[in-house]
Peer 1: 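Quick one: structure below, then a few questions.
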Amino acid sequence: MNKISLITPPEWVRTSRSYDPNETKVSDWLSHWDGEEPIEMGFIGVPLSKTSISHSGASMTPNALRELFTAVTTYNIDYDVDLSGFKVRDLGDIQMHMTDLKKCHDNIEAGLNQIYEKLPHLFPLIAGGDHSITCPSVKAFQKKIGGKVGMVQIDSHMDVRSLDYGGPTNGTPIRGLLESNTVEGKHIVQVGLHSFANSKLYREYAVSHGITQFTARQVAREGIDLIMDQAIEIAGNGTDAIYVTVDMDVLDQSYAPGVPAMVPAGMTSWQLLDAVYRLGKNRKVKGFDIVCIDPMQDQRKATVRTAVHVLLTFLVGLVSRS
Ligand SMILES: [Mn+2]
């Protein structure tokens with residue numbers, strides 16, 4: 001029986017048809033949390049996308065990921081790591097209000113607070129939802145940490161829009177965190193920013209608040225490893241923990257057709273996988289979310305499938321910490 005009032009059990013609990021006892025599918029390993037078992041890594045769905053500026057079915061992402069967990073194995077050949085030896089559970093979804101978006105954000109923060117009170121050592125693996133969910137998620141994370149939080153945001157967009165124009169939305173989470181003094185700009189690093197997807201005024205706002213920015217072109221030219229090392233150094237300098245947020249619209253449109261705001265010449269899947277592995281492996285990283293996937297526009301589930309690989313590759317880094 002689930003004892004946390006603001007989360008509901010996973011809507012879909014999928015198991016794969018096992019034809020071969022010699023391999024484990026993610027769906028058969030990442031099972032539903034029973035509400036009591038002590039765990040240190042947990043998948044949490046945050047099904048909210050009415051806060052998206054453009055039309056988005058991102059609220060369907062947690063279930064879309066669960067569905068594809070039946071299609072992938074737990075073994076990563078690049079690092080020779082099998083996740084099936086580690087305990088990760090699906091906690092279910094944060095409850096949303098049907099129409100009251102402020103209430104939805106309040107539920108995200110309060111629901112995560114409830115989870116962290118019950119499971120103080122939990123590493124949250126949060127699946128949005130659109131990017132608006134990152135603001136309440138990081139507020140709860142900062143309370144859990146009880147100190148200064150750094151952020152590495154992998155995104156085509158800066159997400160520092162003024163809250164005066166219909167916010168909070170998926171264009172405002174970083175602005176919301178700055179204005180609420182949850183995170184300082186000097187502790188925020190944005191990676192993968194894209195031309196013709198941001199404005200000069202918001203760039204000046206971000207830079208004036210001390211945010212460090214790396215564009216998608218810099219990633220292509222300088223290499224993701226070098227940039228991630230700098231990002232981790234900056235986000236970790238003077239902070240107690242780093243929160244990682246991945247907006248899937250950072251990827252090139254050919255890799256991620258199922259995002260509401262897709263871009264050409266975005267990052268490659270390999271750049272993103274290498275980035276999240278490096279982040280997962282760093283001891284200072286203590287929280288993760290992945291957002292802004294629209295399963296309704298996703299051709300052959302390509303974007304959801306990539307997101308599954310991003311999540312699992314991050315986990316491979318996490319369990320490989322020395
Ligand atoms: Mn974003």
Side-chain angles (χ1 to χ4, degrees), residues 46-59 61 101 104-105 108 126-139 141 150-163 165-179 182-183 185 188-199 202-203 205-206 209 211-216 219 231 235 242-253 255-267 271-272 275-276 279 287-295 297-298 303-304 306-307 310-311 314:
V46 183
L48 175 67
S49 51
K50 286 177 180 155
T51 33
S52 177
I53 294 170
S54 48
H55 179 265
S56 172
S59 63
T61 302
L101 304 182
C104 291
H105 274 205
I108 295 167
I126 296 169
D130 68 55
H131 219 161
S132 78
I133 68 125
T134 296
C135 187
S137 297
V138 173
K139 285 180 179 174
F141 179 78
M151 288 183 72
V152 176
Q153 175 192 1
I154 307 180
D155 199 333
S156 277
H157 308 89
M158 297 182 282
D159 293 349
V160 295
R161 284 178 190 271
S162 167
L163 286 144
Y165 306 107
T169 66
N170 60 335
T172 66
I174 302 303
R175 182 79 165 230
L177 290 168
L178 288 172
E179 291 191 356
T182 310
V183 183
I188 299 173
V189 185
Q190 303 180 320
V191 178
L193 297 173
H194 212 278
S195 292
F196 311 120
N198 294 285
S199 82
Y202 285 134
R203 158 89 158 180
Y205 170 86
H209 280 76
I211 294 178
T212 304
Q213 301 186 321
F214 296 101
T215 66
V219 172
I242 297 174
Y243 184 96
V244 174
T245 179
V246 176
D247 187 323
M248 285 290 284
D249 72 24
V250 78
L251 288 176
D252 186 272
Q253 60 190 359
Y255 296 100
V259 297
M262 66 184 187
V263 295
M267 275 169 57
Q271 287 165 344
L272 182 54
V276 296
L279 288 161
F288 173 90
D289 73 36
I290 186 163
V291 298
C292 281
I293 302 155
D294 184 351
Q297 299 190 65
D298 197 18
T303 314
V304 176
T306 304
V310 170
L311 176 68
F314 177 80

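The analysis underlying the following values was restricted to heavy atoms, covering all of them including side chains, and did not include hydrogens, waters or symmetry mates. Whatever order the structure lists ligands and atoms in, that order sets their numbers, starting from 1. If you read the sequence from its start, that first residue is 1, and numbering goes on from there.
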Peer 1: So which of the N, O or S atoms of Asp159 lies nearest the Mn ion (ligand 1)?
Peer 2: OD2
Peer 1: Given side chains that start at C-beta, do those of Phe141 and Thr182 come closer than 4.5 Å, heavy atoms only?
Peer 2: no
Peer 1: Is His131 close enough to the Mn ion (ligand 1) to have an N, O or S atom under 2.8 Å?
Peer 2: yes
Peer 1: Please find out if the Mn ion (ligand 1) and some N, O or S atom of Asp155 are separated by less than 2.8 Å.
Peer 2: yes
Peer 1: Please find the N/O/S atom of Asp247 nearest to the Mn ion (ligand 1) and write down its name.
Peer 2: OD2
Peer 1: Under a 3.5 Å cutoff, is there a donor and acceptor pairing between the side chains of His131 and Asp155?
Peer 2: yes
Peer 1: In terms of heavy-atom contacts, does CZ of Arg175 have more than 12 from other residues, nucleotides or ligands at under 6.0 Å?
Peer 2: yes
Peer 1: Are the side chains of His209 and Ile188 in contact, using a 4.5 Å heavy-atom criterion?
Peer 2: no
